[in-house]
Amino acid sequence: MYSVRMRARRHARHHSGAERLVPGDAVDQAAAAMVRRAMNHSRGRAETIELAIEELDSKQIEYGVLPDVQTWQVSDFHQGRRAAANLLCSLGVGPAAVETAFADMIRGAAPDGGNMRGAMLVDVHSGCRLEPDPARGVRVSRMDLSTEARRNLSRVLQQQDLDQETVREALVLAAKVRMAPGIVAELCWSDDPDYTAGYVASPERGYIRFPHLKPRGDRRGGRAFFVRGACVPLNALLDYLQLRPILFDRVGHLHPPQFWTESGS
Ligand code: WAQ
Ligand code: MG
């Protein structure tokens with residue numbers, strides 16, 4: 001198996017990235033698809049594109065199952081953010097951590113107000129950011145779907161018109177993150193100006209989507225991984241997220257969408 005990673009920059013900032021785990025005979029295709037994506041992106045055309053292709057020992061590859069998926073319908077991004085914040089609290093993420101994550105992602109989580117290339121790590125209790133480089137963040141890689149799981153996932157997602165690359169990729173990333181040591185939850189919304197949906201994923205409740213977590217046209221997006229910072233050594237967590245290869249060969253359930261109500265659901 002090979003790890004194929006892409007990162008692109010534009011105007012001296014993070015533009016887009018992608019990561020796959022594919023057999024040797026699919027490397028060229030995967031790389032070409034990534035280049036195509038960076039060149040035809042809703043954020044504009046990339047100015048520099050870097051590809052990294054590495055062979056991995058297939059004995060090291062672990063297998064996993066994707067989370068269950070559910071959409072919580074919300075009327076706008078204000079309501080979406082309230083719903084996501086409530087859910088995070090119910091999962092054990094403390095108020096300071098929820099506050100840090102939302103404030104930073106709304107402002108642009110990198111120190112210059114731009115998007116980070118990766119995710120921030122937020123301590124569930126103190127709300128402090130723990131990632132070593134707050135401009136770069138932590139980039140999760142070396143995860144993908146098996147060929148069969150990709151087919152099954154498409155079939156499942158089609159039932160609710162969700163079979164898009166954005167959704168499939170987010171699910172795979174969230175699936176790896178929720179298996180990480182010390183992770184309580186993840187909050188994400190896209191940096192794509194036309195894509196307003198986001199999610200909260202957790203070991204406990206799976207992948208819960210919100211159709212609106214930001215206003216349309218907003219180019220800011222990001223990810224926050226909420227961690228029990230006192231319980232796991234940071235290096236073990238970083239190694240897991242960046243280096244451990246995981247192939248998801250089983251899909252979870254797709255639950256019917258639900259309307260979120262202010263009183264809590
Ligand atoms: N590792 C860590 N952080 C990442 C990674 C990664 N591999 N890829 C992206 N990020 C961070 C980075 O800060 C991006 O700016 C931000 O996440 C958003 O990335 O169910 O499209 O690829 O409808 O724009 C979620 C909803 C879509 C899907 C998420 O994220 C659904 C999305 P994007
Ligand atoms: Mg994006």
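Any value given below was found using the heavy atoms of this structure, including those in side chains, with hydrogens, waters and symmetry copies removed. Counting convention: from 1, in listed order, for ligands and their atoms alike. Nothing fancy with the numbering, it's 1 onward along the sequence.
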J.: Which side chain to side chain donor-acceptor pair (under 3.5 Å) pairs, counting each pair once, include a residue from residues 97-126, with sequence neighbours left out?
T.: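 Listed once each, the pairs are Arg13-Asp112, Asp104-Arg107, Asp104-Arg129, Asp123-Ser126.
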J.: Show which atoms of ligand 1 fall inside a sub-4.0 Å distance from at least one heavy-atom site of Leu173.
T.: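 Here the atoms of ligand 1 in question are 1 (N), 5 (C), 6 (C), 7 (N).
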J.: Considering Lys176, Arg223, Arg168, Met120 one by one, which has a heavy atom nearer to atom 33 (P) of ligand 1 than any of the others?
T.: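 Checking each option, the heavy atom nearest atom 33 (P) of ligand 1 is found in Arg223.
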J.: If the condition is salt bridge (charged side-chain N to carboxylate O under 4.0 Å, His left out), which residues does Arg9 pass it with, not counting sequence neighbours?
T.: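 Scan of Arg9 (salt bridge (charged side-chain N to carboxylate O under 4.0 Å, His left out), adjacent residues dropped) gives none.
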J.: Geometry only, no angles: is Gly118 polar-contacting ligand 1 at N/O separations under 3.5 Å?
T.: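 Looking only at distances, the answer is yes, because the N/O contact criterion of under 3.5 Å is met.
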J.: To which protein heavy atom is atom 28 (C) of ligand 1 closest, and what is the distance rounded to 0.1 Å?
T.: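 Ranking protein heavy atoms by distance from atom 28 (C) of ligand 1, first comes Tyr207 OH, 3.3 Å.
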J.: Could you list all the ring pair (Phe, Tyr, Trp, His ring centres under 6.0 Å) pairs where at least one residue sits in residues 21-70, not counting sequence neighbours?
T.: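 For residues 21-70: His15-His41.
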J.: I need the nearest protein heavy-atom contact for atom 16 (C) of ligand 1: residue, atom name and distance, please.
T.: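 Residue, atom and distance for the closest contact: Gly222 CA, 3.6 Å.
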J.: Compute the minimum heavy-atom distance from Glu169 to ligand 1 and say whether it is under 4.0 Å.
T.: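 No heavy atom of Glu169 comes that close to ligand 1.
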J.: Pick, from Gly17, Pro193, Ala197, Cys188, the option with the minimum heavy-atom distance to atom 29 (C) of ligand 1.
T.: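 Ranked by closest heavy atom to atom 29 (C) of ligand 1, first place is Cys188.
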J.: Which protein N, O or S atoms lie under 2.8 Å from the Mg ion (ligand 2), given by chain and residue number?
T.: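 Listed by chain and number, the atoms are Asp191 OD1.
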J.: Could you pull out, from Thr166, Ile208, Thr196, the option with a heavy atom nearest to atom 21 (O) of ligand 1?
T.: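 Selected option, by shortest heavy-atom distance: Thr166.
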J.: Nearest protein heavy atom to atom 1 (N) of ligand 1, by residue and atom, and its distance?
T.: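 Nearest neighbour among protein heavy atoms for atom 1 (N) of ligand 1, to 0.1 Å: Val140 N, 2.8 Å.
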